[in-house]
Structures are given as structure tokens and as C-alpha cells.
There are 2 protein chains.
Amino acid sequence: MSNITALCHTVKVSPRRSNPDTRPALVDIAARLLATEGPQALTARRIAAEAGSSTMAVYTNFGGMSGLVREMVYEGFARLQTYFSHVEHTADPVADMALFGRAYRHNALTNPHLYAVMFGGASLAGFSLGAEDRQYGRYTLTTVIECATRCLEAGRFTTGDAVLIAHQLWTAVHGLVTLELGEYLIEPWNAERIFEAQLAGLMVGVGDRLPAAARSVSDSRDRLPEFQNVNIDPAALLDQEDVPS
Amino acid sequence: MSNITALCHTVKVSPRRSNPDTRPALVDIAARLLATEGPQALTARRIAAEAGSSTMAVYTNFGGMSGLVREMVYEGFARLQTYFSHVEHTADPVADMALFGRAYRHNALTNPHLYAVMFGGASLAGFSLGAEDRQYGRYTLTTVIECATRCLEAGRFTTGDAVLIAHQLWTAVHGLVTLELGEYLIEPWNAERIFEAQLAGLMVGVGDRLPAAARSVSDSRDRLPEFQNVNIDPAALLDQEDVPS
DNA sequence: ATGTTCGACATAACACCGTTATATAACGGT
DNA sequence: ACCGTTATATAACGGTGTTATGTCGAACAT
């Protein structure tokens, strides 16, 4: 009797919660393996062995390897967002804009494998992100869009709209960073040159005056060392909703 | 006796040439599978079954799957070079420059999987290109560098040098195309807008006057339909040295 | 013309991958 | 205390690239 009522009302009867420690531990191990040994080390068996459990832990906690690399992508965007949160609003919005580009590149060069999973992920484990996952990337871009808006309001940028300009910065820096990360494609010293030229050229291209743009880009370079001290908390993943403590 | 002399002189005794048809057939099948069914269909067993042979054919002809995808990369750069060879020198070098960008994007959007292998190849079959393979990409870029030189000589570009400008165009368009190919990252209509803005902004950013740059970019768009009729010869691979007939 | 030889190809096995079926054990609600 | 549900372990399945082994055919030397 009560069984039937329970079935009709709520089916939550008596589940067994998974060990709350294993899930973050798996993410942590996966992130470490990805950073230290590259994508080929990111296998279910390896991760399970490293965690002292079986491969089933990956499936109960993430539903498969796809869910785990999805978590990696979230982590990657979270780190990018962390860097973005460290660029302060100054009196020179164009310099702030350039600093966003530098933060983006700094994040990619600091976590190259993670960045590769974020955007080249279609190949890893035959996994590709869904539409809803992509929203994380677009949410990250809103910070840059706001900065572009400030540049437009300040009269520094005169061409295009804020969304378009933010996308221009994104695609340009992403292209450079991607080719920079792929070995033997661009020499490292050349990448540095191209990046600076790309940054200054973009500012001029969207309407800023050449001398002012050059000065802003130069100023933003002086603010780059701040990112060296940014503390990336490995536990500060985006999936904090199930890690309440 | 003569055995010893033969050994000392030339070791070429009596090899069995591999069937001259199988190697191009495998490349052709691989290219077709990649284009029609994507990277996950690019397996040794599948290719061998399609060719009616065993997986060993891949190893005798290419030394493994790595060699086969290397051939795919060559094919990809050859197609890009084919498109590049179709941009003619006009009186407006900036329009030619912009057309190179359009040719690059057209090639990537026409052969998306091939493009992904060319630059995202680190993930496919755990294969990454070597330094010598990368030279193909840089050779392809020389055409663009020459065009940038013409722009500089014409006084249209005033900032930077030809190599730097060509790299700026490459990285910018590559970044846009990469994000455009990754699904759900950029809306298609937005990609079009960003590309046009990227193109015009780059020209202005490297020193061209805004109205002239806008006109050149617009003119280059009118020349784009020529690429629709470009005939990509599937047999015109870069490894023609061993296909003498 | 004939024998020899060496490599291309086929078959089957190996090691590894992600995934899943099954059994067992541990937890939460009644 | 019981019982159901679910996490976990073990082992297996189908798939991958790769390799060992054997066969056979084509090209050279005689």
C-alpha cells in the first residue's frame, strides 16, 4: 500500500550517495594528468588507477569520459574567467581591452592542454560539446563586450558595435594562440611580435587613433605581470552546486 | 662471389614494388571518408575494407595511420595552394590581399574536416606533425607575403613588414574559421559579420586608409565567386614524386 | 629461362581504449 | 531490523592502432 502511494507521490526512496570525495578527486587527477602528460594520458583506466578505484567511478560520477572532459572544459572557462576578473577598470578602457587579450593569451599559454580541450575538443574521445555547454564561452565573453562598450562610450572606438569588436578580439587572439600552441607552426619570438601587432592593429582597425592605441597597448603590457600572481584554485570548479561544504 | 660484389656495390637486388594503384586509392578513400563521415570514420580497418585489402596496406604504404593523416595534411595544403593560385594580381593589391583571406576561409569551409586535421591534428590518432611537415604551411604563406610586399610597395600599408602582416592575416582568419567550424561557438550569420569586420579592420590596422580599405575589401568580395568553379583535382596530391606517369 | 630473394599483402594476435553486464556491498528510509 | 536502491568492483565486449608470422609474387642475377 504505502509502496504504491510512495510510487505515485515521490519516487525518492533510498538512494545511496556516492562518496563526495571521489568526484572532485577524479577531476583533480584528470586535470593533473592532462597538464603533465597531455591528452593521451586522459584515459578512464589511468584516472581510475591513479584514484585507486575502478573505471566505474568515471561512469557513476560523470556518465562516461564525455562528462569528465566536459568538466575539464568548465574548469578551463573558469580559469579564463578568473584571469578576466583580475583586469581592473582604469581610465583607459582601450588598455583594459588590450589587457583582456593578454589575459586570454596568458591563460592559453599557461594551460595549453586545457585550452586544447576547450576548443579542439571535438577529437578527444570522440566528444564534442553541446549547445548549452557553449554558453559558458559566451558568458565569459560578456566581460569583454562590456569593456568594448566602455571603449565606444569613451569615443575611442568608432567602428562597429561592442559585440562585434569583442568577437574580433576573441577570434584574432584565439587564432594566434592556437597556431602558437601547435608546435613548429609559428616561431615563439614571431608569435610575440604577431600578438603585439595584432593587438595594436585591432584597436586601430576599430577606430582608435594610432598613437593612442599604441600607447594603450603598451600600457596594458605593463599590467600583465599581475597575472603571474593570480592564484588558480584547483578546487574552484564551476560545479560547486554539488560540493556544498 | 658475385653475391659479395653485389652486396658491396648496390644492395638493390629484387624488391617487389607495391601495387602503384593501392597507395593513391587509399589516400582517395581516406579523403572521401573524412569528408563524408568525419574523423571517426578514418580508421585503418574501415579504409582497408573500403579498399578491399587488409590493414597492412596502410602500414606498407604509409608506415601507419600517422603517415596517412600526414598525407591528408599535404592534400589539405595542396588544396589551399590551389585556391591561392587562383587569386590574380590586380591593380589593387589590398583587394588581392583581402581575397587571399577569402580564399583561405573558402577552403576551410569547403573542406572542414580536412582543415581540422591540418591544424587540430595533434588529437587525431595521437599524431602530430613534425617540423619538416610544417614547412608546407609556411610555403603556402609565401604567396600571401608577396602580396603584402606589393601592398607595402604601393604605399597602401605603412605599418609593419610583409611577413608580419601576412601572419596577422593568417592568425586572424584562422581564428575566425576555427571558431566558425566548431559548432555552437559562433552563429553563422555572426561569423560572416566578424569576418568582414576582421578583414577591413586588419587593412586599416596595418596602415591603409579606412575608405580605401573598405572599398578594396568590398571589391574582393565580388571576386569570391571565382573560387566556386575552382576544380580541385583529387589526384593532384603533393606526393607526385612517386606517381610519375 | 630459371632460380633466388625480398618485400607487399593477408591472417591473426596483442595491448589498449571506452563502455557495459553482472555481482556484491554499502547506504538511507521505513 | 529490514529492504530497496545505488555505488563500486570485476570481467567481458566491441573497437582502435599496431605487430608477429606466413605466403606469394615480381624483379633481378645467372
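Residue numbers begin at 1 in each chain, while the letters A, B, ... track the order of the sequences.
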What is the separation between atom [atom1] on [X] and atom [atom2] on [N], rounded to the nearest whole Å?
| X | N | atom1 | atom2 | answer |
| --- | --- | --- | --- | --- |
| B:I47 | C:dC9 | CD1 | P | 15 Å |
| A:F62 | C:dG18 | CZ | P | 14 Å |
| B:Y59 | D:dT16 | OH | C1' | 9 Å |
| B:L33 | D:dT16 | CG | P | 12 Å |
| B:Q40 | C:dG18 | CD | P | 17 Å |
| A:D21 | D:dA7 | CG | C1' | 14 Å |

Query raised in the report: Is any side-chain heavy atom of A:T171 closer than 4.5 Å to a side-chain heavy atom of B:I186?
Result: yes
Query - Side chain to side chain, A:F119 and B:L185, heavy atoms closer than 4.5 Å - result: yes
Query raised in the report: C:dG18, D:dT16, C:dC9: which one has an atom nearest the side-chain heavy atoms of A:T43?
Result: C:dG18
**Report entry** Bracket notation of DNA chain C in which parentheses pair within the strand, [ ] cross earlier pairs, and | pairs with another strand (Watson-Crick or G-U, under 3.5 Å)
**Finding:** ||||||||||||||||||||||||||||||
Query raised in the report: For B:H174 and B:Y115, what are the C-alpha separation, side-chain angles and deciding distance, and is it a ring-ring contact (aromatic ring centres under 6.0 Å, His included)?
Result: CA-CA 10 Å; B:H174 169 75; B:Y115 189 82; 5.8 Å; yes
Distance below 4.0 Å between [X] side-chain N/O and [N] OP1 or OP2:
| X | N | value |
| --- | --- | --- |
| B:S53 | C:dC9 | no |
| A:N19 | C:dC27 | no |
| B:T22 | C:dC9 | yes |

Report summary line: Rounding to 0.5 Å, atoms CD1 (A:I29) and CG (A:L68) come to a distance of 10.0 Å
Query raised in the report: Is A:T60 touching bases, backbone alone, or none of the nucleic acid, heavy atoms closer than 4.0 Å?
Result: base
Requested in this report: Could you list the residues that satisfy side-chain contact (heavy atoms from CB on, under 4.5 Å) with A:Y83, not counting sequence neighbours?
Outcome: A:A103, A:H106, A:N107, A:T110, A:F227, A:V230, A:I232
Is [X] salt-bridged to [Y], cutoff N-O under 4.0 Å?
| X | Y | value |
| --- | --- | --- |
| A:E37 | A:R46 | yes |
| B:E226 | B:R102 | no |
| A:E180 | A:R105 | yes |

**Report entry** Partner of B:V144 under side chain to side chain contact (heavy atoms under 4.5 Å, CB included), chosen from B:F84, B:Y104, B:W170
**Finding:** B:F84
Could you list the protein-to-nucleotides 10-12 of chain D atom pairs, N/O on both sides, closer than 3.5 Å?
unit_1 : atom_1 : unit_2 : atom_2 : d
D:dA12 : N6     : A:R45  : NH2    : 3.4

